[in-house]
K.L.:
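Questions regarding the structure given below will be posed in turn.
Atom set for the values below is all heavy atoms of this structure, side chains included, hydrogens, waters and symmetry mates excluded. Every chain is numbered from 1 and lettered A, B, ... according to where its sequence line falls, protein lines coming before strand lines.
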There are 2 protein chains.
Amino acid sequence: MSERNGSTAVRGATLLDVAERAGVSRATASLVLRDTGRVSEATRQRVRDAMAEVGYVYNRSAAAMRSNSTKTIGILVTHIGNPFFGELIGGLQEALGAAGYSCILASSGDDAAQQDRAIAELRSHKVGAVAIVPATTSRQDYSRELNELELPHVMLTRHSGDLGAPFVGPDNVLGGRLAMAHLIEHGARSFAYLGGSLAIHNRTERRRGMQDALAAAGIPTTALVDLPSGRGSQDGLRVGLELIDTHPLPDAILCHSDNIAFGVYRALRLRGLATTVRVTGYDDIATAELWEPPLTTISTRPAAIGERAAQHLLDQIEHGVNEGFVVMTPQLVIRESCGCTPDRLDALDATAPVV
Amino acid sequence: MSERNGSTAVRGATLLDVAERAGVSRATASLVLRDTGRVSEATRQRVRDAMAEVGYVYNRSAAAMRSNSTKTIGILVTHIGNPFFGELIGGLQEALGAAGYSCILASSGDDAAQQDRAIAELRSHKVGAVAIVPATTSRQDYSRELNELELPHVMLTRHSGDLGAPFVGPDNVLGGRLAMAHLIEHGARSFAYLGGSLAIHNRTERRRGMQDALAAAGIPTTALVDLPSGRGSQDGLRVGLELIDTHPLPDAILCHSDNIAFGVYRALRLRGLATTVRVTGYDDIATAELWEPPLTTISTRPAAIGERAAQHLLDQIEHGVNEGFVVMTPQLVIRESCGCTPDRLDALDATAPVV
DNA sequence: CGATCCGGTACTTAAAACACA
DNA sequence: GTGTGTTTTAAGTACCGGATC
């Protein structure tokens, strides 16, 4: 076993080693490395061979120091474990990787202080930009703060209300409208919107879409009961029970997320009300189609949002253009919880003619 | 809007700026920064004030270059979106952060080639060590390869069979034994183990634990049917249907993961067999207690594994000691799918006396 | 406290190759 | 054949910002 501890790290081969082996100068080797400059093909190949022979590993730190820029992007989300963010990150990493950038991930735990620490962390790594899902408790003009730090950025999924700030996220108004319109088509006339934090704009946006749909169908907005909650399935259970125990049962429940819907399912079963109410979710997580009944939901295609966000950042740092507020079209994924399978919720459909 | 593009990044304040403002030398400022050396408290405070005033941001690249070490650790997992890994990463980041290290995350998509690329990426960032969930298709002696790269590391959750390699993961033998023993206590006498890849050691280990429990109860090992599958819930549905359609229905089904159990639940419902078979999962994901019936499962406490892995790495890079193969104790989480609620599966318990 | 070092990068300079009058 | 101009190719070197002596 070789001697190895914090103080005696072995230095690897440098560009100078490569250059000497290839019989060229360090500068030339650098040009070959970056595929730029005017170097003959024969020399290029010799340098590349030399790199392979000595097991050369690029030193980003050295490059960053001189050029004061790194091909590195920071990604900051609230909860790494959230599958939605997992897909989002996947889309981002893939698109950024294809453009030659590497990513550093950080997680804020949805806490503003930790978020500040993470940003400092990323800045000390000299990231060229950050893609950030802002913490719920972020300061209102957070985007401007980042601008003052000269840090190109794009907000993901959540925005702070400033429509001039760089942002990529789902069209929540449309998503809310799609879900509500579908339930109205099924004949539902009374509704509850369960879950989600009032502090987040996407909730008010979805609500607006829902009310647009109600208005279009000539249904009074008072037909929509509204109960917020935390973001876990447990919160969905809690708020589901709250609805059942303190309100008349609506024809349909629109859940703020699939996770919430999961808790609501359980609340309905606990009260013996399973499959007596139409339910929709939001997000379309991987297991949604395996539930009982399979969940009708709104897909926001997080990977596509990630790819678009990568584009947004690249446009900023490579072309200096800021695309501003970008909204992505969600999709209604129809399964069975809305009542779309006749042999499952036919009792409901019998009393409410499908339009 | 300020002019900002790839080529005209603004340089921030340096340690020299801080030093001049505080009226000390750069060397002194460096000592204050790292909380070392003999510097008077008055000077320390002056330097700290100066840092705050000029908005100083530590430049890790510069530090890394000189000291050839970064307080940065790489974390490489197969799927960032997997909630299990999310918790694992959370535990790692917290423990490493407390020790003054920052983390860089990468994802291999469970592909060996991508894993190689990610390792190269992390090496170019000069990480001091990596915590890695190896891809299923990793080469057998992967740990030795990393040793040859002089890269301290610890394998997480999965190991390659080399018990001398640095590893932290759950005790799969015990986990399998706990689940099986509990089902046997319930009176079950025929079993199926569903899901999981044969290529991964943890599967054979859990199976060994299950057979230990069978042997201890005097039940022949042929009482355990074994069907592997992919890792998603959809795979669980597939393998669940396969079991139901091609085998006699066992008393109990042990699932390789909660995700698999989810698909198995659906398979049982589709065949009209819901709550006629005892089911256990593995992992204890957040929603498991909300299922119908709430899932009895084995908790591997991924956050604890992450913390332990952080300790493992710190021991290597700071004290030069390698703790080798470390195994964490899992816990049986009893809910209802095993038959533990009398009023739910009492039909089962009537025919099979609880020990 | 000043000097030096780490390993790439950006810029300057220069040699060689080629074109064309 | 010679001289001048242009392009291609490669070398030389200052420099970035902390850490160390």
Side-chain angles (χ1 to χ4, degrees), chain A residues 6-48 50-51 54-72 100 102 120 123-126 128, chain B residues 6-40 43 46-48 50-51 54-72 100 102 120 123-126 128:
Chain A
S7 55
T8 61
V10 177
R11 281 187 189 276
T14 75
L15 254 195
L16 188 57
D17 300 327
V18 171
E20 280 173 0
R21 187 174 188 103
V24 300
S25 74
R26 190 161 54 138
T28 302
S30 177
L31 293 174
V32 174
L33 186 65
R34 288 172 291 145
D35 264 324
T36 52
R38 322 195 70 78
V39 181
S40 72
E41 193 48 50
T43 309
R44 284 210 127 83
Q45 200 49 54
R46 253 184 324 159
V47 172
R48 290 209 186 91
M51 283 183 189
V54 302
Y56 174 71
V57 177
Y58 184 65
N59 185 332
R60 286 192 134 75
S61 298
M65 174 125 63
R66 173 64 222 231
S67 65
N68 195 34
S69 75
T70 61
K71 285 255 185 180
T72 306
S102 79
R123 288 220 294 155
S124 80
H125 277 287
K126 292 273 169 204
Chain B
S7 56
T8 62
V10 177
R11 279 187 191 276
T14 74
L15 209 45
L16 187 57
D17 300 327
V18 171
E20 280 172 1
R21 190 175 187 101
V24 299
S25 74
R26 193 162 52 142
T28 306
S30 178
L31 293 175
V32 174
L33 185 65
R34 287 171 293 141
D35 266 326
T36 52
R38 316 198 134 281
V39 183
S40 76
T43 309
R46 259 204 336 253
V47 172
R48 291 213 183 89
M51 283 182 188
V54 301
Y56 173 72
V57 177
Y58 184 64
N59 186 332
R60 285 191 135 71
S61 300
M65 174 124 62
R66 175 62 219 230
S67 63
N68 194 36
S69 76
T70 62
K71 287 256 185 177
T72 306
S102 79
R123 288 220 295 157
S124 80
H125 278 287
K126 289 276 169 204

K.L.:
Quick one: A/N68 CG to D/dG18 C1', roughly how many Å, whole number?
P.N.:
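One finds 14 Å between C1' of D/dG18 and CG of A/N68, rounded.
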K.L.:
B/A27 near the nucleic acid: base, sugar-phosphate alone, or nothing, with a heavy-atom cut-off under 4.0 Å?
P.N.:
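Base contact.
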K.L.:
Can you tell me the distance, in whole Å, between the CZ atom of B/R66 and the P atom of D/dG18?
P.N.:
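So the two atoms are 14 Å apart, to the nearest Å.
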K.L.:
In whole angstrom, what separates B/M51's CE from D/dG18's C1'?
P.N.:
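After rounding, the reported distance stands at 11 Å.
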K.L.:
With a 4.0 Å cut-off on heavy atoms, is B/S61 in touch with a base, just the backbone sugar-phosphate, or nothing at all?
P.N.:
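If one applies the 4.0 Å heavy-atom cut-off, B/S61 turns out to touch nothing in the nucleic acid.
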K.L.:
May I have the distance from B/R123 (atom CZ) to C/dG8 (atom P), rounded to whole angstrom?
P.N.:
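Atom CZ in B/R123 sits about 13 Å away from atom P in C/dG8.
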K.L.:
When you check the phosphate oxygens OP1 and OP2 of D/dA10, does a side-chain N or O of A/S40 lie under 4.0 Å from one of them?
P.N.:
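Checking D/dA10 against A/S40, a side-chain N or O does come within under 4.0 Å of OP1 or OP2.
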K.L.:
Measuring to OP1 and OP2 of C/dT9, would you say a side-chain N or O of A/S67 lies under 4.0 angstrom away?
P.N.:
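For C/dT9, neither OP1 nor OP2 has a side-chain N or O of A/S67 closer than 4.0 Å.
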K.L.:
Let me know the distance between CG of A/N59 and C1' of D/dC16, rounded to the nearest Å.
P.N.:
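Answer to the nearest Å: 13 Å.
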K.L.:
Report yes or no: does B/T70 contribute a side-chain atom to a donor-acceptor pair with the main-chain N or O of B/A64 at less than 3.5 Å?
P.N.:
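Side chain of B/T70 to backbone of B/A64, a donor-acceptor pair under 3.5 Å: no, none is there.
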K.L.:
Return yes if some donor-acceptor pair links the side-chain N/O of A/R44 with the main-chain N/O of A/V39 below 3.5 Å, else return no.
P.N.:
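A pair under 3.5 Å: yes.
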K.L.:
According to a strict under-4.0 Å criterion, is A/S30 in side-chain N/O contact with OP1 or OP2 of C/dA10?
P.N.:
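Indeed not, no polar side-chain atom of A/S30 lies that close.
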K.L.:
Just how far, in rounded Å, is C1' of C/dC11 from CG of A/L31?
P.N.:
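In whole Å, C/dC11 C1' lies 11 Å from A/L31 CG.
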K.L.:
Any strand is fair game: report the nucleotide pairing with C/dT4 by Watson-Crick or G-U wobble, both distances under 3.5 Å, or none.
P.N.:
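Looking at the geometry, C/dT4 pairs with D/dA19.
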K.L.:
If only atom types and distance count, is the side chain of A/R46 paired as donor or acceptor with the main-chain N or O of A/A22 below 3.5 Å?
P.N.:
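Judged by distance alone, yes, a pair lies under 3.5 Å.
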K.L.:
Between B/G23 and B/R26, just flag the one whose closest nucleotide in DNA chain C comes earlier from the 5' side.
P.N.:
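Closest to the 5' end, via its nearest nucleotide, is B/G23.
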K.L.:
Could you verify whether a donor N or O on one side chain and an acceptor N or O on the other, from B/R34 and B/S30, lie under 3.5 Å apart?
P.N.:
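Indeed, the side chains of B/R34 and B/S30 share at least one donor-acceptor pair under 3.5 Å.
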K.L.:
Round to the nearest Å and state the distance from A/K71 atom NZ to C/dT9 atom P.
P.N.:
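For the pair A/K71 NZ and C/dT9 P, the rounded distance is 12 Å.
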K.L.:
Check the phosphate of D/dA11 against A/S25, side-chain N and O only, distance under 4.0 Å to OP1 or OP2. Yes or no?
P.N.:
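True: A/S25 side-chain N/O within range (under 4.0 Å) of D/dA11 OP1/OP2.
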K.L.:
Could you check how far CE of A/M65 sits from C1' of C/dA10, rounded to whole Å?
P.N.:
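Rounding to the nearest Å, CE of A/M65 and C1' of C/dA10 are 15 Å apart.
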